[in-house]
Amino acid sequence: MAKDRGYRSRAYFKLAELNKRFNFIEKSRIAVDLGAAPGSWLQNLSSSMPHGSLIIGVDLVPIVPIPRVTTFVADLTTQHCKQLITNEMKGNLADLVVHDGAPNVGAAWLQDAFAQNELVLASLKIAAEILEKGGTFVTKVFRSKDYNNLMWVFNQLFKNVNATKPNSSRLVSAELFVVCQDFIAPQKLDPRFLDPKYVFKDIAALASDSGKGSAAANAHANVFMPEKKTRKREGYEEGNYLQFKAISATDFIESTEPVTILGTHNAITFKSKEDKKLLKNEDTTDDIKANCEDLKVLGKKEFKQLMKWRLIIREEMGLEVRKKDIKEDVDDAGQSKVEEHPMNQDEQIAEEIERIENEDSARARKERRRRNEKRAREVQRMQLKMGAPLDIGLEQDEQLQDDVYLPGNKSKQDMFDLKHSQKHIKGRNLDEMDEDDASSEEEIEAPKFEDAYEDEEDKVVRLESQMDGMYEKYQEKLQDRDRKHQVKEARRKDKNREAWGGIPRRGDDDDEDDDDEENEEEEEEESEGEHGYDAKEKRSMQLDQDSSDEEEENAGKSKKSTKKPKKADNAQDEAAASVWFGNPLFNGADGIDEESEEEEDDKQSEDESMEEDEKPQQDKEEDEESDGFEVVPQEDDGQMWDVDDEDQDAVRQKRIEDTGLITEEAMSMAYRLKNGMTTKQQLIDDGFNKNATNDRENLPDWFTSDERKNYKVHVPITKEAVDALKARQRAIDARPIKKLAEAKAKKKYKATKAAEKAAAKAETVMENQELTEKEKAMGVQKMINKTKANANKKREVKLVVAKGAAKGVKGRPKGVSGRYRMVDRRFKTDIRGMRNAKRRAVNNKKRRNG
Ligand SMILES: C[S@@+](CC[C@H](N)C(=O)[O-])C[C@H]1O[C@@H](n2cnc3c(N)ncnc32)[C@H](O)[C@@H]1O
């Protein structure tokens, strides 16, 4: 595609598409491209701008020369970069600044929303300094929690700001482009508008930071306030590793598992009354507040700070009673006298660490035991055939139906009510904790490090090393969370598990396989980085989570305004695309406003399919290409569906019938479908995305890794679906293997036959007139004994020594009937020797005794 036409990357089409809509290239005379390598945008500028234009490209990496283009290797965030550009412009101002920069992390390019948006701000800063009045600034931004703030800033500097997104894209891709036109060129610009510290700061914090009465702060806050989101951060069920998880400060303080909390949450928040009190506490320093904002990037120092802060607050709240060193002495009068030495803070922390460690290990032990017992019980139950659920999914389903639909039953909850499920989890944890605590009392071992003679210095060293240990634990938890996410991602890619992963396009299968392999490699590359715990990556993850958070919330909002309140409750499970395009910020963006996306898309595809037939092939190609990423290529016949797919659907259907739903995604979708939370059409629609049909060949790494993250719709997974699948797997595990079941059935059959035979014989005996009653009874008894003996008799296995020609012969050797086993001579001799030795031992024993 792009390469065939001589463009250095597919990004070429993005700029072409933007220009087609907003028409800014042809009228420009001086253009600057920030983050320009490998240079396809520069190629576009070079071919479209009038002769004699000045085109400047800047990138961290060198750009292979392009006619009429001047390039520099520079970091666009530096003053030096701006200097190079202005020198080249020789006192003139630019009409166009474009920015498609993206942060480079090692060899692989990672989608790092935070770093990306910082780059955007740095580019805007350059643009604000070199653009002439009325000029245009085009930038790529990533949707994240900072997105709205960025948009606000753009709107302060440009009269016309349009965020644009591919028309045919239904997938919520993080990348979108903002075209800012008609630069205002303010005489004086408050530097805070271009300072990431201010622009990306939490609005509330910003307002309080700047102090009351500060007009600038108030104005700033006022403008930002309407966009302020009240995020839903209760935390999410297992399986949702991408979600932002926050915990209230009070919960963190009161919890007995602070390390786990720090490792599994993104932030500690101060929202409730109690939390706010904590916020005012003098021990809640600015450092602590900053640490609470992002738990995923805690260094060792910050981690320790938080742990100490928790302890101090616990003490103040009376949750932690300082123990005293009690020294008993006897005074002169023979009276015992008690001296109390209050523990210092380090001792207190040591004690707290010890308590947590003990509790942790006791809890883990208890949990392990309980799990094993439960599993054993379940296996036993299954093996005894006490109702092995053939389809536990169905059982679960029934239960869920009860839960969801029983009207008037207040204890029954909507299964998709995350809030409730969180409560439920909380409740369960509390129950478990009670039990655990009770058991931990019995199980807690004596403190490991109590040493009365340990000097102060040693104590501090030990304390530090223990804190280090806890920090490692915290990091393990973080990694665990990320790993789970990666596993989930990998599973999502596993084609065989995609029971309902969307509708495949003809001929896509092979491609996808290739892609998957490629992706896995890339994934590995990336995961190395993640494991290395680069702070930026963590931050990026958090931001991704934030954004999905926002989506959920927006989903909630937009649904609320519709006429169907029932659906609104379930909005968190809706595809986020509608949410994103529902954002008022997109008003005015092509193809997004006024009509609903669906209507728009339908209309459009109709139009396109009509036109398609009329256009010559070449035009068609051109359209596709020039639209770049915007157009999802249609099937040849212009229809969305192809009969061939029906076969595939049938195959898939068959597989589902045979094996059931085997992925969490499929299970979740099935529940949602069944419970009217989505429609078949909706699911089919979600199966499409802008990248589903992309030609991924010859694309640069940074591009494919960018697209890879977004080329599939992320299906929301419910805890119930995960549980149902787990339960089914347990049931499968518990089933006896086929051979064993067959052997058992055979044995049972033989026993029945023997019993029938014995009964027939007994009847003959009983009917024999010549026998007395006593003889009859004895005869029957004899028969019963014989049957029993036969049943108990171990079937003898004949040991056959393989020798000579029989060696290596497959199948039954000649002249051997009944059960047999091929052994070598030594084995047979050994067995005989062992049997004789046993017999001799028994005889000797008898002789000694008697
Ligand atoms: C998506 S590519 C740009 C593609 C380009 N628009 C084209 O059409 O070929 C992103 C580029 O941003 C560059 N970049 C990232 N951080 C940068 C920085 N701080 N200064 C300059 N360039 C940067 C990267 O080196 C990378 O080449």
Side-chain angles (χ1 to χ4, degrees), residues 5-59 63 65-72 74 76 81-101 119-141 153-155 157-164 176-186 189 588-590 626-628 630:
R5 294 176 166 226
Y7 306 139
R8 295 187 183 178
S9 83
R10 225 162 53 111
Y12 181 96
F13 303 119
K14 298 183 184 180
L15 188 64
E17 166 70 16
L18 294 171
N19 187 46
K20 199 168 153 190
R21 287 186 189 172
F22 300 102
N23 197 23
F24 47 83
I25 295 182
E26 282 79 5
K27 60 183 182 196
S28 300
R29 297 288 177 277
I30 300 181
V32 178
D33 184 354
L34 302 170
S40 72
W41 279 25
L42 288 174
Q43 286 179 303
N44 194 331
L45 295 175
S46 169
S47 60
S48 310
M49 280 171 67
H51 271 283
S53 300
L54 175 63
I55 304 165
I56 303 170
V58 181
D59 201 288
I63 300 165
I66 296 168
R68 307 202 300 135
V69 175
T70 310
T71 59
F72 299 113
L76 68 86
C81 176
K82 199 205 100 187
Q83 204 57 54
L84 287 172
I85 297 169
T86 45
N87 288 350
E88 191 63 28
M89 293 200 313
K90 299 189 176 74
N92 295 308
L93 289 173
D95 348 61
L96 175 64
V97 175
V98 292
H99 168 246
D100 185 28
L119 269 189
V120 172
L121 214 54
S123 309
L124 180 64
K125 195 167 177 218
I126 295 182
E129 288 173 28
I130 64 169
L131 266 183
E132 68 174 13
K133 200 169 179 209
T136 302
F137 174 61
V138 177
T139 183
K140 171 164 79 184
V141 297
V153 174
F154 294 149
N155 275 298
L157 300 177
F158 296 85
K159 284 191 190 151
N160 227 333
V161 177
N162 283 291
T164 181
L176 68 150
F177 289 87
V178 185
V179 179
C180 310
Q181 287 174 300
D182 219 344
F183 181 51
I184 293 167
L189 186 61
D590 275 7
S626 64
D627 277 349
E630 302 245 324

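We count residues from 1, following the sequence as given.
With hydrogens and angles ignored, the 3.5 Å screen pairs no side-chain donor or acceptor of Gln43 with any backbone N or O of Ser9. Put simply, the side chain of Asn160 never gets that close to the backbone of Asp182: no donor and acceptor are under 3.5 Å apart. Of the possible polar contacts, one joining the Asn19 side chain to the Ile25 backbone as a donor-acceptor pair under 3.5 Å is found. Looking only at distances, no side-chain donor or acceptor of Trp41 sits under 3.5 Å from a matching main-chain atom of Ala36. The backbone N or O of Gly39 sits nowhere less than 3.5 Å from a side-chain atom of Arg8 that would complete a donor-acceptor pair. The closest donor-acceptor contact from the side chain of Ser46 to the backbone of Leu42 lies at 3.5 Å or more, if one exists at all. With hydrogens and angles ignored, the 3.5 Å screen pairs a side-chain donor or acceptor of Arg68 with a backbone N or O of Met49.
Considering all non-hydrogen atoms of both residues, Ile130 and Leu93 come closest at O-CD2, 3.3 Å. Asp95 and Ile30 make their closest contact through OD1-N, 2.6 Å (heavy atoms, listed as atom of the first residue, atom of the second, distance). Here the closest heavy-atom approach between residue Leu157 and residue Pro186 is recorded as CD2-CG, 4.0 Å. Closest heavy-atom contact between Ala94 and Leu131: O-CD2, 3.3 Å. When every heavy atom of Thr86 is checked against every heavy atom of Gln83, the shortest pair comes out as OG1-O, 3.0 Å. Listed here is the closest heavy atom pair of Cys81 and Val58: SG-CG1, 3.6 Å.
A heavy-atom distance below 4.5 Å is found between the side chains of Phe137 and Ser123. Annotation: side chain of Arg29 is in contact with side chain of Pro50 (closest heavy-atom distance under 4.5 Å). Side-chain contact check for Tyr12 versus Ser47: some heavy-atom pair is nearer than 4.5 Å. Within the 4.5 Å cutoff, the side chain of Thr70 has no heavy atoms near those of the Ile55 side chain. Inter-residue side-chain proximity for Val141 and Leu176 is flagged as met; some heavy-atom pair is nearer than 4.5 Å. Annotation: side chain of Leu45 is not in contact with side chain of Val69 (no heavy-atom distance under 4.5 Å).
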Inset, instruction - Just do the side-chain contact (heavy atoms from CB on, under 4.5 Å) check on Val138 and Val178 with the steps written out, would you? - result: CA-CA 6 Å; Val138 177; Val178 185; over 6 Å; no

Inset, instruction - List the steps, then state whether side-chain contact (heavy atoms from CB on, under 4.5 Å) holds for Asn23 with Lys27. - result: CA-CA 8 Å; Asn23 197 23; Lys27 60 183 182 196; 5.6 Å; no

Inset, instruction - Any chance you could lay out the side-chain contact (heavy atoms from CB on, under 4.5 Å) test for Ile184 and Lys159, step after step, and finish with the verdict? - result: CA-CA 7 Å; Ile184 293 167; Lys159 284 191 190 151; 4.0 Å; yes

Inset, instruction - Determine, stepwise, if the pair Cys180 / Phe22 fulfils side-chain contact (heavy atoms from CB on, under 4.5 Å). - result: CA-CA 10 Å; Cys180 310; Phe22 300 102; over 6 Å; no

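Of the inter-residue distances, the one linking Glu132 atom CD with Asn92 atom CG reads 9.0 Å to the nearest 0.5 angstrom. Distance check, rounded to the nearest 0.5 Å: CZ of Phe177 to OG1 of Thr164 gives 9.5 Å. Between atom CG of residue Leu84 and atom CD of residue Glu88 there is a gap of 9.0 Å, rounded to the nearest 0.5 Å. Here CG of Leu76 is found 5.5 Å from CD1 of Ile126. Values are rounded to the nearest 0.5 Å. Atom OG1 in Thr71 sits 10.5 Å away from atom CG in Asp33 (nearest 0.5 Å). A distance of 5.5 Å separates CZ of Phe154 from CG of Leu124, quoted to the nearest 0.5 Å.
Ring orientation note: the planes of Phe183 and Phe158 are tilted relative to one another, at an angle of 30° to 60°.
Taking Asp100 as the reference, Lys140 meet the salt bridge (Lys or Arg N to Asp or Glu O under 4.0 Å) condition, with sequence neighbours excluded.
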